[in-house]
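Have a look at the structure below before the remarks.
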Amino acid sequence: MDKIAPFHHLNPHILQNPTLTHNHNHKPHKSQSFTSLALAHSVTDTTSPETPILASLPSSSWKVSSSMISEITSLNSVKAVHAQIIKLSNKPSWDTIGKSLIAYYLEFGDFKSAAMVILFLGFSRNHLIWDWNSILQEFTSFGGDTHDILVVFRDFYCGGVVFDSKVLALVLRICARLMDLWLGVEIHACLIKRGFVLDLYLNSALINFYGSCWSIESANQAFDEMPDTEDPLWNEIIMANLRNERWMEALELFRDMNMSGGKVYGGTIVKVLQTCVKMGALNEGKQIHGFVLRCGLEFNLSICNSLISMYSKNDRLELARIVFESMRDRNLSSWNSIISGYAGLGCLNDARNLFHEMEVSGVRPDIVTWNCLLSGHSLHGSYKEVLNILQRMQGVGLRLNSGSITSVIKAVIKLGLINMGKEIHGYVIRNVLDNDVYVGTSLLDMYVKNNCLTNARVVFNNMKNRNIFAWNSLISGYSYKGLFEDAEKLLSQMKKEGIKPDLVTWNCLVSGYSMWGCSKEALAVIHRIRSFGLTPNVVSWTALISGCSQNESYRDSFEFFIQMLEEGIKPNSATISSLLRTCAGLSLLQKGEEIHCLSVKDGFTGDLYVGTALIDMYSKSGKLKNAHKVFKKIQNKTLASWNCMIMGFAIYGFGREVISLFDEMCGVGVQPDSITFTAILSGCKNAGLVDEGWKYFVGMSMYYNIIPTIEHYSCMVDLLGRAGYLDEARDFIRNMPLKPDATIWGALLGSCKIHNNIEYAEFAVKKLFELEPHNSANYVLMMNLYAFSNRWEDVKRVKDLMGVLGVKNLQVWSWIQIDCKIHFFSAEGKPHPDAGEIYFELYNLVSEMKKVGYVPDISCVYQNIDEVEKDKVLLSHTEKLAITYGLMKMKSSTPIRVIKNTRMCTDCHTAAKYMSLVRNHEIIIKDGIRFHHFRVGKCSCNDCW
């Protein structure tokens, strides 16, 4: 809106030509003054300023008999009684009689007459302005249109009736409520033209009108130009600024009012304190608290409750508690405010204690109290307790509302209790809560996240009011399941129904496509975002990078990250976490360290997700000490942080450290999940801790109510088999409640290879050939077993079987990074450019190793050749070449880190120990199973692998 000039800048032309009717389409010109704008849309004024108020009514006193009211039986009788009241009464008594007449007129549907009485009721000098709210509510509740009051007002006003300030104030407030911009301006214009003295009621109504219908600048200007700024006007202008979300201006006005000695209403203080919550203005809130104490308002219930809320939501629970404890009287809202504060900030025990104290004090918790507990526990991950609170609510007979349902559904989603979720859905339908858009969206989200897309679609189709979140939830469900045709159809339907896709909509598609390995399609969606007038943001690019990382398309992750930076988009913590996962997947230590530096530079080191990703990256890149340093620096460790660190120790074979860290985790109150026990059992199997492994396998269901999955059974088979308990491992498989999959039989086959048990190996590999006939690793492992026993015909038979099925050997490789460059060594590919120098160095190294006891293990060569040739074959193993090159090019103080894609053979493991001894150099090898850290002739695995 154009800025309106001050009141005193009058336009003479408009003053001389006031209009009879107003043009609602007229827009103010910038050069028009505030007053002339009003006069340009004024109502014709046919009376002089001296005309007595209500001149058309009898001047006799009014006397009313209540018996007249009791005689009303029809609309005609209402009118008759109304006429008798006007004729016979000699004393004003409109407070009671007038309201009765309004009620009867409304009951019989004569809204115009009711409107007339409402207007004339304003002449009662004893009426307070805020009484009109209840009258207007009653008027609309009977089906009346508040516009009728304005129509009647115009008819009377044009007919010469002059109303007093209270009626005009009422009409202005109705204009504000109905957003009737021009009638309010006309009234203001007529008042100015007639020289009407604007009293408190009118000034207050004008501030409200201009603040609601025009702009807060107009309201502030009107206030500034008022000659007398009484207390109600200060409160009105503060509230007007608050309604228009001018938080700072409202606080400044509050301060100015305080400085000028004005009296602030309790309701205004409450609203200003709520503003301090929205702005996070703790210091201002404290100053207002000081003002409250100086004014002796510290026992005002509403103000105290607002102070509690203000301190709680600014993370100052100790101050909120002081206010709460200092209250002489506490109502239900007081208890709800303090309990909500504690629950919202995760102080769940304190919240429960306050809840109990509330019950003891005789105050009965209502649905709001219970919902505070539900939302607090749900928000802070205490999902099982949410269900316990739900049972207690049902026990006391409370009926859940939409707020309760959404908190419970979130807990159900996190706990994966889809059957309970369906029961809640039934409750929602029975109690007609399914029309609530938040409940509907929560149910939809529950079915999507539990892969029940058919049910999700049914909920979606039955939703009467679908918001953008509902559309996005279902589109994300289809995208993440790879159902892109359904997702695109829903997107088209969304557009047809007039719902404009937002960035979240598009980002769901980007993430889905990239997760399913469709990088080109994901990038195409990014381009489509631009065609719809939106700009891909950091979330869009992070969805693309994260999806590629999860799909192990690591190269694409880095390429898209470079594109993102080229477009000037800065990464966020989620981007950094995704890139660190990519580095972990490739064991790229140097690149991971660079990203760590970037996270420090951008201030993401305190982020829990970044911290957890750093632990994972350092653990999988051969720098366990750094992973542990990052872990110790994390302040509020999540379960994911603990799991990541436990798994880090596990893949290095530090079983005792795994158990110690698990005990520490439980000691600080963090409950383990199934992933925790996978990590513990992996640590036990890599360290050969059979008894401990059994203990935790049995205890996970007995003490933690976690049902073992196929991953846990696979760990146990591996643990027993590696330790030589092959009979027990086979019996364990037979007695499993789950059907054994390839991981189970693969673990048994690997154990048979360690202990050279061909009988059990043949049994296991038969199952593997059925389950994964094209996995070359199973064939190679079986051929190695036959070769070790000199069963060359069986070797040929397995090799022929591979040829028939078209199974190709997995390429064996190792690589090492030196000075930011990757050096790749392949058993069958192109030789390294420095192969001659490497072999020369390796021959010399082996000679040194033999002098201190190294004996090549030719049993690791599974070819039918003589021993001299087998010695030569051992020298060509890729990890030996990579280690040798590292010894040639790297300083002794820098550990050599080699990545290999298959399991190390026994000879290479022994050779690495001797290499670390004769050259006094740390060597870290990550093979296809685990890490081996060689130092001074010893390995971290203690030869248990």
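Please read these numbers as outputs of a predicted model, since none were measured by experiment.
- In this structure, the side chain of Ser557 engages the main chain of Ile545 through a donor-acceptor pair within 3.5 Å.
- Within a 6.0 Å sphere centred on CG of Asn790, other residues, nucleotides and ligands contribute more than 12 heavy atoms.
- Using modelled atom types, one finds no donor on one side chain facing an acceptor on the other under 3.5 Å when comparing Ser674 with Thr709.
- For Arg930 and Tyr652, the positive end is not near the middle of the six-membered ring at less than 6.0 Å and at most 45° from its axis.
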Going through the checks in order, is the side chain to side chain donor-acceptor pair (under 3.5 Å) test met by Asn551 and Asp556? CA-CA 10 Å; Asn551 197 48; Asp556 289 341; over 6 Å; no

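- Side-chain atoms of Ser916 come within 3.5 Å of backbone N or O of Gly937 as a donor-acceptor pair.
- In this structure, the side-chain contact (heavy atoms from CB on, under 4.5 Å) partners of Asn784, at least two apart in sequence or on a different chain, are Lys753, Val780, Tyr862.
- Between Asp907 and Lys880 a salt bridge is recorded (basic side-chain N to carboxylate O distance below 4.0 Å).
- The backbone N or O of Ile675 sits nowhere less than 3.5 Å from a side-chain atom of His712 that would complete a donor-acceptor pair.
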Criterion side chain to side chain donor-acceptor pair (under 3.5 Å) on Glu762 and Tyr786, from CA distance to verdict: CA-CA 10 Å; Glu762 288 178 332; Tyr786 285 136; 2.6 Å; yes

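- Ring geometry, Tyr713 versus Phe732: the interplanar angle falls from 30° to 60°, so the pair is classed tilted.
- Here the side chain of Lys591 pairs no donor or acceptor atom with the backbone of Leu588 at under 3.5 angstrom.
- Classified by interplanar angle (parallel below 30°, tilted 30° to 60°, perpendicular above 60°), the ring pair His823/His832 is tilted.
- Between the side chain of Asn626 and the backbone N or O of Lys629 there is no donor-acceptor pair closer than 3.5 Å.
- Ring centers of Phe631 and Trp642: under 6.0 Å apart, within the cut-off.
- Ring centers of His628 and Phe649: under 6.0 Å apart, within the cut-off.
- A donor atom on one side chain and an acceptor atom on the other are found under 3.5 Å apart for Ser826 and Gln811.
- Note: Phe697 and Phe677 fail the aromatic proximity criterion, with ring centroids not under 6.0 Å apart.
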Taking it one step at a time, do Tyr760 and Asp727 satisfy side chain to side chain donor-acceptor pair (under 3.5 Å)? CA-CA 9 Å; Tyr760 281 4; Asp727 292 332; 2.4 Å; yes

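- Between the side chains of Thr906 and Asp857, not a single donor N or O lies within less than 3.5 Å of an accepting N or O.
- Taking the six-membered ring wherever Trp is involved, the centroid distance between the rings of Phe561 and Trp541 does not fall below 6.0 Å.
- Proximity of a side-chain donor or acceptor of Ser546 to a complementary backbone N or O of Ala543 within less than 3.5 Å is not detected.
- Checked against side-chain contact (heavy atoms from CB on, under 4.5 Å), Met515 has the following partners two or more places apart in sequence or in another chain: Tyr480, Ser511, Gln550.
- Asn686 places a side-chain N or O within donor-acceptor distance of the main-chain N or O of Ala650, the cut-off being under 3.5 Å.
- The backbone N or O of Gly853 lies less than 3.5 Å from a partner atom in the side chain of Tyr914, making a donor-acceptor pair.
- Counting only heavy atoms from C-beta outward, the side chains of Met645 and Thr612 never approach each other to under 4.5 Å.
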Tell me, with the steps shown, if Phe824 and Trp813 meet ring-ring contact (aromatic ring centres under 6.0 Å, His included). CA-CA 7 Å; Phe824 194 79; Trp813 49 256; 5.7 Å; yes

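- Between the side chain of Ser587 and the main chain of Ser621, no donor-acceptor pair closer than 3.5 Å is present.
- Scanning all heavy atoms of the two residues, the minimum distance from Lys808 to Ser776 falls at O-CB, 3.1 Å.
- A salt bridge does not link Arg903 with Asp927: every distance from a Lys NZ or Arg NE/NH1/NH2 to an Asp or Glu carboxylate oxygen is 4.0 Å or more.
- Salt bridge Asp731/Arg734: present, at least one basic N to carboxylate O contact under 4.0 Å.
- The ring of Phe934 has its center closer than 6.0 angstrom to the ring center of His909.
- If you check the side chains of Asn643 and Asp673, you find a donor sitting under 3.5 Å from an acceptor.
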